[in-house]
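Remember, predicted model here, so these are calculated numbers, not experimental data.
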Amino acid sequence: MSQQPKFSLAQKINVLRASVMGANDGILSIAGIVLGVAGASTSDWAILISGLAGMLAGTVSMTMGEYVSVNTQKDSERQAITREKSRLKHHFQAEFKFVEQKYLATGIAPELATQATHEMMDKDPLLTAVRERYSFDPTKFTSPYAAAIASLISFPLGSLLPLISIFIGPSHWHVLTTFVAVVIALAITGYIAAILSQANRLRSLLRNVISGLITMSVAYLIGRLVGILA
């Protein structure tokens with residue numbers, strides 16, 4: 001019985017990235033919609049319908065966006081592999097020297113760099129050349145379907161938070177509860193995104209929260225202005 005291929009660590013991280021970003025966009029997008037409508041109208045029905053419509057549209061948009069984006073990346077990687085196959089066929093020695101120079105740049109002694117290049121190029125010249133020239137593994141493409149499904153699930157899940165919090169408690173607390181719930185959620189997604197990208201965690205968290213506060217404030221104030229003028 002053949003064994004199913006397993007995702008590499010990079011592929012798993014990409015799916016996690018799509019999930020986190022999908023949830024983050026769902027939280028922020030729907031928070032902006034429901035707060036904007038809440039600023040303009042006191043109708044719970046209008047807020048609910050607007051939020052649900054935004055959730056549906058955002059889910060489709062994010063899913064298709066991830067699918068197209070990852071497929072575009074795959075197309076670029078395939079083109080790079082095709083170019084590298086041609087180089088190896090017609091200019092093998094030049095590619096050998098390129099890989100050798102890459103190893104030398106890491107500080108390896110010249111004789112060891114040459115030996116390592118011989119070993120790697122003899123074992124799998126295409127894998128070695130592509131990895132050193134383009135920094136990706138030609139045997140492990142990111143799945144556009146996995147990224148799309150991750151967004152398909154995570155965006156509506158993230159959307160539920162502001163959609164539910166806008167109706168929690170007395171009506172005069174709805175805006176505040178939504179702000180608080182969204183800020184906490186954005187802090188979490190910002191922190192997780194920083195872990196996945198190996199970025200500064202505090203800076204990523206603060207950037208996510210501040211951008212969320214600005215987005216929600218602008219959406220609510222515009223809604224209030226529309227409500228006053230209407």
Residues in side chain to side chain contact (heavy atoms under 4.5 Å, CB included) with M21, at least two apart? R17
Out of curiosity, does L163 fall in the hydrophobic cluster containing V60 (side-chain heavy atoms, cut-off under 4.5 Å, transitive links)? no
In one Ile/Leu/Val/Met/Phe/Trp/Tyr side-chain cluster, 4.5 Å: V70, L152: no
Under 4.5 Å between side-chain heavy atoms, counting indirect links through other Ile/Leu/Val/Met/Phe/Trp/Tyr residues: same cluster for I27 and L56 or not? no
If you round to the nearest 0.5 Å, how far is OG of S43 from CG of L48? 9.5 Å
Considering all heavy atoms, the nearest V99-A129 contact: CG2-CA, 4.3 Å
Tell me every residue that passes side chain to side chain donor-acceptor pair (under 3.5 Å) with T189, counting only those two or more places apart in sequence or in another chain. N24, N208
Any idea which heavy atoms bring S50 and I33 closest together, and the distance? O-CG2, 3.6 Å
Hey, does the side chain of S204 reach the backbone of N200 with a donor-acceptor pair shorter than 3.5 angstrom? no
Under the rule for side chain to side chain contact (heavy atoms under 4.5 Å, CB included), what residues qualify as partners of T178, not counting sequence neighbours? L35, P162, S165, I166, V182
OG of S159 to CG of D25, rounded to nearest 0.5 Å, is 9.0 Å
Which residues pass the salt bridge (charged side-chain N to carboxylate O under 4.0 Å, His left out) test with E132, not counting sequence neighbours? none
Restricting to non-hydrogen atoms, name the atom on P156 and the atom on T59 that form the minimum distance, rounded to 0.1 Å. CD-OG1, 3.5 Å
Any side-chain to backbone donor/acceptor pair from S151 onto T63? Under 3.5 Å, distance only. no
Please, which pairs that meet ring pair (Phe, Tyr, Trp, His ring centres under 6.0 Å) have at least one residue in residues 149-188, sequence neighbours excluded? none
Does some side-chain heavy atom of P138 sit less than 4.5 Å from a side-chain heavy atom of L127? yes
Answer whether the closest heavy-atom distance between the side chains of M55 and L160 falls below 4.5 Å. yes
Same apolar cluster (I L V M F W Y, side chains within < 4.5 Å links), L221/V226: no
Counting distance only, does the side-chain N/O of S76 pair as donor-acceptor with the main-chain N or O of T72 below 3.5 Å? yes
For S41 and V37, indicate whether the former's side chain and the latter's backbone hold a donor-acceptor pair under 3.5 Å. no
Applying side chain to side chain donor-acceptor pair (under 3.5 Å), can you list everything that pairs with T114, at least two apart in sequence or on another chain? E100
Should R131 and M120 be marked as a side chain to side chain contact (heavy atoms under 4.5 Å, CB included) after you check the CA-CA gap, both sets of side-chain angles, and the distance that decides it? CA-CA 11 Å; R131 184 180 59 221; M120 298 303 293; 3.1 Å; yes
To the nearest 0.5 Å, how far apart are OG in S211 and CG in L186? 6.5 Å
Sequence neighbours left out, what passes salt bridge (charged side-chain N to carboxylate O under 4.0 Å, His left out) with D122? Give chain and number order. none
dist L176:CG -> I168:CD1 (nearest 0.5 Å) comes out at 11.5 Å
Neighbour count >12 (heavy atoms, 6.0 Å) for atom CZ, R83: yes
Evaluate the side-chain proximity of L104 to P110: yes if any heavy-atom separation is below 4.5 Å, no if none is. yes
Between L196 and I13 the two heavy atoms that sit nearest each other are O-CG2, 4.2 Å
Neighbour count above 12 (heavy atom, 6.0 Å) for Q198 CD: no
Treating S29 as the side-chain partner and G26 as the backbone partner, does any N or O pair qualify as donor plus acceptor under 3.5 Å? no
Going only through I, L, V, M, F, W and Y residues with side-chain contacts under 4.5 Å, is there a path from I153 to L52? yes
List the atom of A113, the atom of T117, and the distance in Å for their closest heavy-atom pair. O-OG1, 2.7 Å
Residues two or more places apart in sequence or in another chain: which of them pass ring pair (Phe, Tyr, Trp, His ring centres under 6.0 Å) with Y220? none
Taking only residues at least two apart or on different chains, which pairs with a member in residues 75-98 satisfy ring pair (Phe, Tyr, Trp, His ring centres under 6.0 Å)? F96-H118
Just so I know, are the side chains of E95 and P125 near enough to count as touching, which here means a heavy-atom distance under 4.5 Å? no
Sorted by chain and number, sequence neighbours left out, side chain to side chain donor-acceptor pair (under 3.5 Å) with D137 holds for T139
How many angstroms lie between atom CD1 of I210 and atom OG1 of T215, to the nearest 0.5 angstrom? 11.5 Å
Shortest non-hydrogen contact from L161 to A181? CD2-O, 3.5 Å
Ring pair (Phe, Tyr, Trp, His ring centres under 6.0 Å) with Y145: which residues, sequence neighbours excluded? Y67
With sequence neighbours excluded, residues passing side chain to side chain donor-acceptor pair (under 3.5 Å) with Q115: E119
OH-CG distance between Y191 and L205, expressed to the nearest 0.5 angstrom: 8.5 Å
Determine whether M216 and V175 make a side-chain contact, defined as any pair of heavy atoms from C-beta on separated by less than 4.5 Å. no
Would you say that more than 12 heavy atoms from the other residues, nucleotides or ligands in this model lie under 6.0 Å from the NZ of K74, or not? yes
